[in-house]
Amino acid sequence: MIETAVLCLALNVFHEARGEPETGQWAVAQVTINRARHDPARVCETVFAPRQFSWTNRLVEAPTPAVRSARAERFMPKDPVAWKQAKRIARKVIAGAGKDVVGDATHYHATYVSPWWASSLVEVAQVGNHVFYR
């Protein structure tokens with residue numbers, strides 16, 4: 001179960017923040033674990049819940065498991081350096097040893113978008129190209 005949680009969290013860090021500074025990657029991992037209520041058993045469910053993270057939308061909305069599987073292949077990391085870093089961060093966060101970058105933040109968005117929900121939350125930080133909220 002722990003390795004599965006690490007995989008799901010690492011995939012989320014990779015797809016949501018691989019182009020960000022390392023601190024931004026820690027922040028994305030922290031939001032993900034906060035949404036999972038710090039429970040490794042809930043990490044994959046959280047990452048793949050509908051409309052939670054932009055990179056998963058095309059996966060979870062696929063009409064059949066076969067289509068989901070085919071789409072998932074396209075999302076397997078192809079940058080070995082970024083993938084290694086995402087896994088390192090995920091392992092530490094799952095183990096409870098992650099950096100506290102954004103506190104109890106549960107949401108974020110890229111700086112170039114203005115989601116409808118942002119005004120209903122409290123902004124806690126901007127890290128790289130993401131704004132974080134609780």
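Remember, predicted model here, so these are calculated numbers, not experimental data.
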Could you go through the side-chain hydrogen bond (donor to acceptor under 3.5 Å, both in side chains) check for Gln30 and Trp26 one step at a time? CA-CA 6 Å; Gln30 189 173 356; Trp26 281 99; over 6 Å; no
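Under the 4.5 Å side-chain heavy-atom criterion for grouping Ile, Leu, Val, Met, Phe, Trp and Tyr, Val101 is not connected to Tyr133 through any hydrophobic cluster. Grouping the Ile, Leu, Val, Met, Phe, Trp and Tyr side chains by contacts below 4.5 angstrom, directly or via other members, places Val131 with Leu121.
Of the listed residues (Lys87, Gln85, Gln25), just one forms a side-chain contact (heavy atoms from CB on, under 4.5 Å) with Val13, and that residue is Gln25.
Heavy-atom minimum distance, Asp79 versus Phe14: O-CE1, 3.9 Å. Here the shortest heavy-atom pairing between Phe132 and Val31 reads CD2-CG2, 3.6 Å. In this structure, Ala125 and Val102 approach most closely via the heavy-atom pair CB-CG1, 4.1 Å. Arg134 and Ala105 make their closest contact through CB-CA, 4.0 Å (heavy atoms, listed as atom of the first residue, atom of the second, distance). Annotation for Ala5 and Pro40: closest pair CB-O, 3.3 Å, computed over non-hydrogen atoms.
With a 4.5 Å cut-off on side-chain heavy atoms, His15 and Phe75 count as touching. Between Arg88 and Glu22 there is a side-chain heavy-atom pair separated by less than 4.5 Å. Inter-residue side-chain proximity for Thr46 and Gln52 is flagged as unmet; no heavy-atom pair is nearer than 4.5 Å. Taking 4.5 Å as the limit, some side-chain heavy atom of His107 sits within range of a side-chain heavy atom of Arg35. A heavy-atom distance below 4.5 Å is found between the side chains of Trp55 and Asn12. Two residues are said to be in side-chain contact when any heavy atoms from C-beta on lie closer than 4.5 Å; Phe53 and Thr32 meet this criterion. Side-chain atoms of Trp83 and Leu11, non-hydrogen and from C-beta on, do get closer than 4.5 Å to each other. Side-chain atoms of Val127 and Glu20, non-hydrogen and from C-beta on, never get closer than 4.5 Å to each other.
Considering OH of Tyr112 and OG of Ser114, their distance stands at 12.0 Å, rounded to 0.5 Å. Rounding to the nearest 0.5 Å gives a distance of 5.5 Å between CZ of Arg91 and CD of Glu3. Note: Ile94 CD1 to Leu7 CG = 10.5 Å, rounded to the nearest 0.5 Å. A distance of 8.0 Å separates OG1 in Thr111 from NE2 in His130, rounded to the nearest 0.5 Å. Glu123 CD to Tyr108 OH: the interatomic distance, rounded to the nearest 0.5 Å, is 15.5 Å.
Side-chain atoms of Asn34 come within 3.5 Å of backbone N or O of Gly103 as a donor-acceptor pair.
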